Amino acid sequence: MIELDYKLNEKVGFSHVIDLLGTCSPYGTERKKKLRVYDNTREAELTDEFYNISRVMTYMGEHDCTRIERRLLGLKDIRGSVGSIDSLSLNDIELFELKRFLLQLELIADDFSEMDSTCQLKNIDIAPFTEALEVLDPDGMKTQTFMLSSSLSEELCAIRREKKDIEILLRKEMDQERRATLLRKRARITAMEDAEETRLRAMLCEKLLPYKQGLLNVIDALGSLDFTLARARLALRYGCCCPSISQGGLELSGMINPAIQDALEKRGKSFTPVSMQARHGVTVITGANMGGKTVALNTVALNVLCVHCAIFPFARHAQVPLFDRLYLIAEDMQDSSKGLSSFGAEMMQLDAALLDIKKHDASLLLIDELARGTNPDEGACIVRGVVNMLKTMSVISVLTTHYDNVACYADAHYQVKGLCGVDMQALTAQIAKKRSASVELIEEYMNYGIIRVDTASEVPKDALRICELLGIDKELLIYVKKYIDK
């Protein structure tokens with residue numbers, strides 16, 4: 001099963017997605033914290049989750065869900081109290097919170113019934129616990145308070161009546177000796193009241209005991225509803241799609257990475273959507289060192305993770321297999337505590353991944369700029385060797401590189417668009433007018449999308465074009481071009 005870890009979540013932007021999921025209740029928040037990762041043994045459950053999100057999205061487009069969300073927001077976490085019912089020792093505060101929960105549940109159940117008559121959600125059942133509420137509210141007042149009713153016990157009724165009479169006498173009595181006698185009587189009757197109330201609280205817990213599992217089940221259902229509402233809101237906000245579970249390759253069209261998109265929007269820019277198909281074998285993404293390749297790879301990883309965690313992918317269309325393992329090998333993912341160089345650390349991680357892949361057929365291997373931290377000639381040979389080995393294995397792999405003569409060995413080749421198709425004369429003219437903003441101007445023209453090209457296509461030489469646009473010393477560029485031409 002795919003395992004989530006903090007470093008991976010941060011790198012690909014998955015942590016940002018989780019932060020965007022605005023749950024209302026402590027139960028929904030707990031459901032979000034303890035994400036369920038679905039593999040091919042749980043495909044039916046995952047399909048039901050996607051069905052629920054789709055139905056709620058449609059419902060949200062036609063109805064206001066503010067009321068039910070507000071009521072979910074008012075819920076307190078009573079799982080500890082429910083779990084302790086069988087101890088028969090809940091105190092007044094715990095019984096009060098349980099009563100308040102049951103009162104809120106009645107309102108939420110009404111709202112849910114109205115919603116579910118349209119949505120017909122799967123595996124979410126929210127109904128009131130009328131009988132349990134009657135245990136805590138025998139007088140049927142439905143007030144947001146709790147105290148042990150005198151109607152629960154004739155003995156308690158008599159004790160409280162006697163206590164009240166004593167307190168009336170105390171307020172009138174001025175003689176200190178008679179007051180002392182009354183105080184002793186009140187202390188004795190208060191002890192009797194405490195003992196009877198303790199007995200009655202245990203009795204109430206015993207009466208609630210048959211509802212314990214049902215309460216835990218409805219709490220879980222409330223968490224599922226809350227989490228479903230949050231995922232539907234997020235999907236509507238970003239235009240996410242309902243994915244299909246593929247039995248073959250990976251296909252993602254119009255992907256975005258919200259962590260990067262949200263950061264770009266703050267600067268008045270936008271994220272270029274990425275599309276990719278990857279079958280068993282090797283897909284290579286090439287381009288100069290400008291960041292587009294890494295963004296594309298991380299965006300693939302993010303959207304695959306989302307699907308496995310029952311979150312709609314940030315794409316226009318998605319067909320995703322259910323992988324057993326997801327590996328992301330990148331220089332900044334390495335553990336330097338073992339004293340290895342970045343190159344040594346990533347090679348060790350690759351070795352471990354390859355050994356593991358041999359045990360798991362349904363794996364996705366993502367490799368970002370392998371061997372960039374070593375001698376370029378050796379690095380290129382290593383990457384070519386890795387590509388050719390991966391072609392013999394039962395794995396979907398996507399690899400980014402700026403090395404030449406790598407993509408020709410791959411099954412599919414994508415290139416970062418970069419400065420392809422850019423009006424270089426117009427860009428040069430703008431830079432000439434505002435040399436101090438040359439980097440920002442180039443970034444505005446740079447296209448970080450990717451396009452599928454022939455496997456024989458060479459890596460674009462955008463780095464040299466950027467040097468020219470930046471006005472790098474012309475004599476230096478002459479020397480550089482000599483070696484590029486070779």
Side-chain angles (χ1 to χ4, degrees), residues 4 14-39 42-77 79 101 104-128 214-245 258 302-315 318 320 322:
L4 302 175
F14 190 66
S15 296
H16 183 73
V17 171
I18 299 305
D19 290 341
L20 289 171
L21 286 168
T23 48
C24 298
S25 70
Y27 313 123
T29 301
E30 184 70 10
R31 175 72 173 76
K32 179 175 73 170
K33 286 180 181 177
K34 296 182 178 178
L35 279 175
R36 299 169 188 169
V37 184
Y38 297 83
D39 58 20
R42 302 177 65 188
E43 182 177 342
E45 296 175 56
L46 180 59
T47 301
D48 286 348
E49 291 284 341
F50 290 148
Y51 167 86
N52 286 349
I53 297 169
S54 294
R55 298 293 291 176
V56 171
M57 285 176 68
T58 302
Y59 185 83
M60 284 181 165
E62 301 170 354
H63 302 82
D64 184 5
C65 293
T66 304
R67 187 173 61 187
I68 193 168
E69 289 170 340
R70 188 170 60 248
R71 285 173 174 162
L72 287 168
L73 194 64
L75 291 173
K76 284 190 175 182
D77 191 350
R79 284 171 293 185
F101 170 83
Q104 290 172 294
L105 179 61
E106 285 196 334
L107 299 175
I108 293 171
D110 285 343
D111 291 340
F112 176 74
S113 178
E114 181 181 329
M115 172 189 289
D116 202 41
S117 64
T118 300
C119 295
Q120 298 293 302
L121 301 180
K122 297 181 179 181
N123 308 316
I124 300 179
D125 183 19
I126 299 173
L215 288 169
L216 292 174
N217 291 343
V218 81
I219 283 171
D220 187 60
L222 288 167
S224 294
L225 174 62
D226 190 4
F227 192 48
T228 301
L229 289 167
R231 287 176 292 173
R233 279 196 306 274
L234 184 67
L236 287 169
R237 174 179 170 182
Y238 285 92
C240 301
C241 72
C242 181
S244 300
I245 305 303
L302 167 69
N303 284 281
V304 169
L305 280 177
C306 284
V307 170
H308 282 75
C309 293
I311 299 169
F312 275 12
F314 297 83
V320 180
L322 291 181

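Since the structure is predicted, the reported quantities are computational estimates derived from the model, not experimental observations.
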Which distance, rounded to the nearest 0.5 Å, do you find between the CD of Glu114 and the SG of Cys119?
-> 10.5 Å

Whether Tyr51 side chain and Leu46 backbone form a donor-acceptor pair below 3.5 Å = no

Could you give me the CA-CA distance, side-chain angles and deciding distance for Thr118 and Thr58, then say whether side-chain contact (heavy atoms from CB on, under 4.5 Å) is met?
-> CA-CA 10 Å; Thr118 300; Thr58 302; over 6 Å; no

Closest approach of Ala315 to Asn303 (non-hydrogen atoms, all atoms of both residues) | N-OD1, 4.3 Å

What one should report as the nearest heavy-atom pair of Leu121 and Arg55 is CD2-CB, 4.1 Å

Smallest heavy-atom separation, Met115 atom then Ile68 atom, equals CE-CG2, 4.2 Å

Look only at the side chain of Lys32 and the backbone of Thr23, and say whether a donor-acceptor pair between them is shorter than 3.5 Å.
-> no

Pairing of Arg36 and Asp220 as salt bridge, 4.0 angstrom limit = yes

Verify side-chain hydrogen bond (donor to acceptor under 3.5 Å, both in side chains) between Thr228 and Asn52, making sure each step is shown before the conclusion.
-> CA-CA 7 Å; Thr228 301; Asn52 286 349; 5.0 Å; no

Judged by atom type as modelled, is there a donor-acceptor pair below 3.5 Å linking the side chain of Asp48 to the main-chain atoms of Lys122?
-> no

Nearest 0.5 Å please: distance from the CD1 atom of Ile219 over to the CG atom of Asp77.
-> 7.5 Å

Distance (rounded to the nearest 0.5 Å) between Glu106 CD and Phe101 CZ | 11.5 Å

Closest non-hydrogen atoms of Ile126 and Ala221, given as atom of the first, atom of the second and distance, are CG1-CB, 3.9 Å

Intermediate values then yes/no, side-chain contact (heavy atoms from CB on, under 4.5 Å), Val320 and His308 = CA-CA 9 Å; Val320 180; His308 282 75; 4.3 Å; yes

Taking side chain as C-beta onward, heavy atoms only, is Asp125 less than 4.5 Å from Asn217?
-> no

Supply the atom-to-atom distance Leu225 CG to Ile108 CD1, rounded to the nearest 0.5 angstrom.
-> 8.5 Å

Decide yes or no on side-chain contact (heavy atoms from CB on, under 4.5 Å) for Phe227 and Leu35, but give the supporting numbers first.
-> CA-CA 10 Å; Phe227 192 48; Leu35 279 175; 3.6 Å; yes

Under 3.5 Å, side chain of Thr47 to main-chain N/O of Glu43, donor-acceptor pair present?
-> yes

Where do Tyr38 and Glu45 come nearest, in terms of heavy atoms and distance?
-> CE2-CB, 3.8 Å

Out of curiosity, Leu215 CG to Arg79 CZ, how far, rounded to the nearest 0.5 Å?
-> 13.5 Å

Heavy atoms of Gly74 and Gln104 approach each other most closely as O-NE2, 2.9 Å

Kindly assign one of parallel, tilted or perpendicular to the pair Phe50 and Phe312, based on the angle between their ring planes and the thresholds 30° and 60°.
-> tilted

Answer yes or no: is there a donor N or O on one side and an acceptor on the other, between the side chain of Arg231 and the main chain of Ala310, under 3.5 Å?
-> yes

Spatial distance of atom NE2 (His16) from atom CG (Leu21) [nearest 0.5 Å] = 10.5 Å

Taking only residues two or more places apart in sequence or in another chain, which ones pass salt bridge (Lys or Arg N to Asp or Glu O under 4.0 Å) with Arg71?
-> Asp111

4.5 Å side-chain heavy-atom contact, Cys309 and Leu4 | yes

With a 4.5 Å limit on heavy-atom distance, are the side chains of Leu229 and Met60 in contact?
-> yes

Among Ile18, Leu305, Ile53, find the residue that satisfies the side chain to side chain contact (heavy atoms under 4.5 Å, CB included) test when tested with Ile311.
-> Ile18

So do Leu20 and Pro258 actually touch side chain to side chain, heavy atoms under 4.5 Å?
-> yes

For Thr66, check side-chain contact (heavy atoms from CB on, under 4.5 Å) against everything at least two apart and list the hits.
-> Asp64, Arg70

Test item: Leu73 and Glu69 side chains (from C-beta on) under 4.5 Å apart, heavy atoms | no

Residue pairs fulfilling salt bridge (Lys or Arg N to Asp or Glu O under 4.0 Å) with at least one residue in residues 20-31, sequence neighbours excluded = Glu30-Lys34, Arg31-Glu49

